[in-house]
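A short write-up of the structure that comes next.
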There are 2 protein chains.
Amino acid sequence: MDMPNALAAFDALGQPSRLTVFRLLVQTGGAGLAAGDIATRLDMKPNTLSTHLGILESAGLIAAQRQGRSIRYFAQMEGLRGLMAWMLQDCCGGNPDACAPLLDMITQKG
Amino acid sequence: MDMPNALAAFDALGQPSRLTVFRLLVQTGGAGLAAGDIATRLDMKPNTLSTHLGILESAGLIAAQRQGRSIRYFAQMEGLRGLMAWMLQDCCGGNPDACAPLLDMITQKG
DNA sequence: TCGATATTTCCCGAATTATGGATATGCCAA
DNA sequence: TTGGCATATCCATAATTCGGGAAATATCGA
């Protein structure tokens, strides 16, 4: 994870439709969801959703896998982990004190 | 932390200038920096910077404190912590399995 | 009060982004 | 091969965002 990558991830999640899609995929878990199912559940047009899925995918936050006619999307927890780890490491690298309590509270599930 | 709040935070950090400012403030730590110092260090126009500072502040990621003529800005680690905790809790609430490894790796500092 | 400094607010033009209709592509079943 | 389904791409429009010039506000020293 580097700055452009983190930027892409934050930018991807900083949009209502995309954050909603990502949350849905995380909560859905390993089974993932077909694009059409996402569109139905969130009441989005397929083409608009497709654009958002592409942005989330290129940010490394979700992954796609074709299954027959449909394309199934999965949350990439590794992407989220990388983003958080980068914030903790890179941002706090010069100031570990600020991050110690942050780490503690996160591990206590805040 | 709720969805609109998280959205504001992600949106605030998903912009190059703002992510740079935030990183600078986190790395600077408790002393904080005056707006003018930030502008000088990052070579930004004062008015443009002011807008970005306002967005970061309203997202709860930084705080301001007037000191004489200048206004000193500080990273709000609590805001960052809240954002991360929300992602872990709210997103993963319906799917704790996905978050367990994520938590583990974060606490190992990735 | 006056002038200087620090920052914000107002405002505009340029650039970017979001949305969705129309169309194209990939895939499967008959 | 044909038809239909699932999704993506192309394209245009509307909305939003970004950067910065100009002016306003707040503070301090003389």
Side-chain angles (χ1 to χ4, degrees), chain A residues 3-25 28 31-76, chain B residues 3-25 28 31-76:
Chain A
M3 169 111 175
N5 224 257
L7 210 39
F10 281 129
D11 189 55
L13 295 175
Q15 204 280 340
S17 300
R18 288 196 293 265
L19 183 55
T20 302
V21 168
F22 182 70
R23 289 175 67 199
L24 175 60
L25 286 177
T28 298
L33 281 174
D37 291 344
I38 302 174
T40 301
R41 291 208 201 193
L42 301 181
D43 191 26
M44 291 181 171
K45 306 282 179 188
N47 56 352
T48 300
L49 174 62
S50 179
T51 301
H52 288 311
L53 288 171
I55 291 171
L56 285 166
E57 186 182 12
S58 73
L61 291 167
I62 66 174
Q65 185 181 340
R66 181 172 278 277
Q67 281 187 359
R69 274 179 259 208
S70 55
I71 298 181
R72 190 162 287 266
Y73 284 90
F74 309 85
Q76 288 276 95
Chain B
M3 168 110 176
N5 223 254
L7 207 40
F10 281 129
D11 189 54
L13 295 175
Q15 205 280 338
S17 301
R18 287 195 295 265
L19 182 54
T20 302
V21 168
F22 183 69
R23 288 175 67 200
L24 176 60
L25 286 177
T28 297
L33 281 174
D37 291 343
I38 302 174
T40 300
R41 291 211 202 192
L42 301 181
D43 191 26
M44 292 181 171
K45 305 283 180 188
N47 55 352
T48 301
L49 173 62
S50 179
T51 301
H52 287 312
L53 288 170
I55 291 170
L56 285 166
E57 186 182 13
S58 75
L61 292 167
I62 66 175
Q65 185 181 341
R66 181 173 278 275
Q67 280 186 359
R69 272 179 263 209
S70 55
I71 298 181
R72 191 163 285 267
Y73 283 90
F74 309 84
Q76 288 276 96

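If you're wondering where the values come from, they're calculated on a predicted model, not measured in any experiment. Lettering follows sequence order; numbering is per chain, from 1.
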Side chain of [X] - closest among [options]:
X	options	value
Tyr73(A)	dC18(D), dA18(C), dT7(D)	dT7(D)
Leu53(A)	dT7(C), dG4(D), dA8(D)	dA8(D)
Ser70(B)	dA6(C), dT8(C), dA18(C)	dA6(C)
Arg69(A)	dG4(D), dT19(C), dT27(D)	dG4(D)

Given atom [atom1] of [X] and atom [atom2] of [N], what is their separation to the nearest angstrom?
X	N	atom1	atom2	value
Leu56(A)	dA18(C)	CG	P	11 Å
Asp43(B)	dG19(D)	CG	C1'	13 Å
Gln67(A)	dC5(D)	CD	C1'	16 Å
Ile71(A)	dA8(D)	CD1	C1'	7 Å
Leu49(A)	dG20(C)	CG	C1'	13 Å
His52(A)	dT7(D)	NE2	P	16 Å
Asp11(A)	dA18(C)	CG	C1'	12 Å
Leu7(A)	dT16(C)	CG	P	14 Å

Below 4.0 Å: OP1/OP2 of [N] and any side-chain N or O of [X]:
X	N	answer
Ser17(B)	dG19(D)	yes
Ser50(B)	dT8(C)	yes
Gln15(A)	dA15(D)	no
Thr48(B)	dC18(D)	no

Flag, side chain of [X] to backbone of [Y], donor-acceptor distance under 3.5 Å:
X	Y	value
Arg66(B)	Gly68(B)	yes
Ser50(A)	Pro46(A)	no
Arg41(B)	Asp43(B)	no

Do Leu61(B) and Arg18(B) pass the side chain to side chain contact (heavy atoms under 4.5 Å, CB included) test, and can you show the C-alpha distance, the side-chain angles, and the key distance before you say yes or no? CA-CA 11 Å; Leu61(B) 292 167; Arg18(B) 287 195 295 265; over 6 Å; no
Would you state whether a donor and an acceptor, one from the side chain of Asn47(B) and one from the base of dG19(D), lie under 3.5 Å apart? no
Looking at every strand, decide which applies to Ala34(B) at a 4.0 Å heavy-atom threshold: base, sugar-phosphate, or nothing. sugar-phosphate
How would you label the contact of Arg18(B) with the nucleic acid (heavy atoms, under 4.0 Å): base, sugar-phosphate, or nothing? sugar-phosphate
What do the steps show when you test Asn47(B) against Thr51(B) for side chain to side chain contact (heavy atoms under 4.5 Å, CB included), and what is the final call? CA-CA 6 Å; Asn47(B) 55 352; Thr51(B) 301; 5.8 Å; no
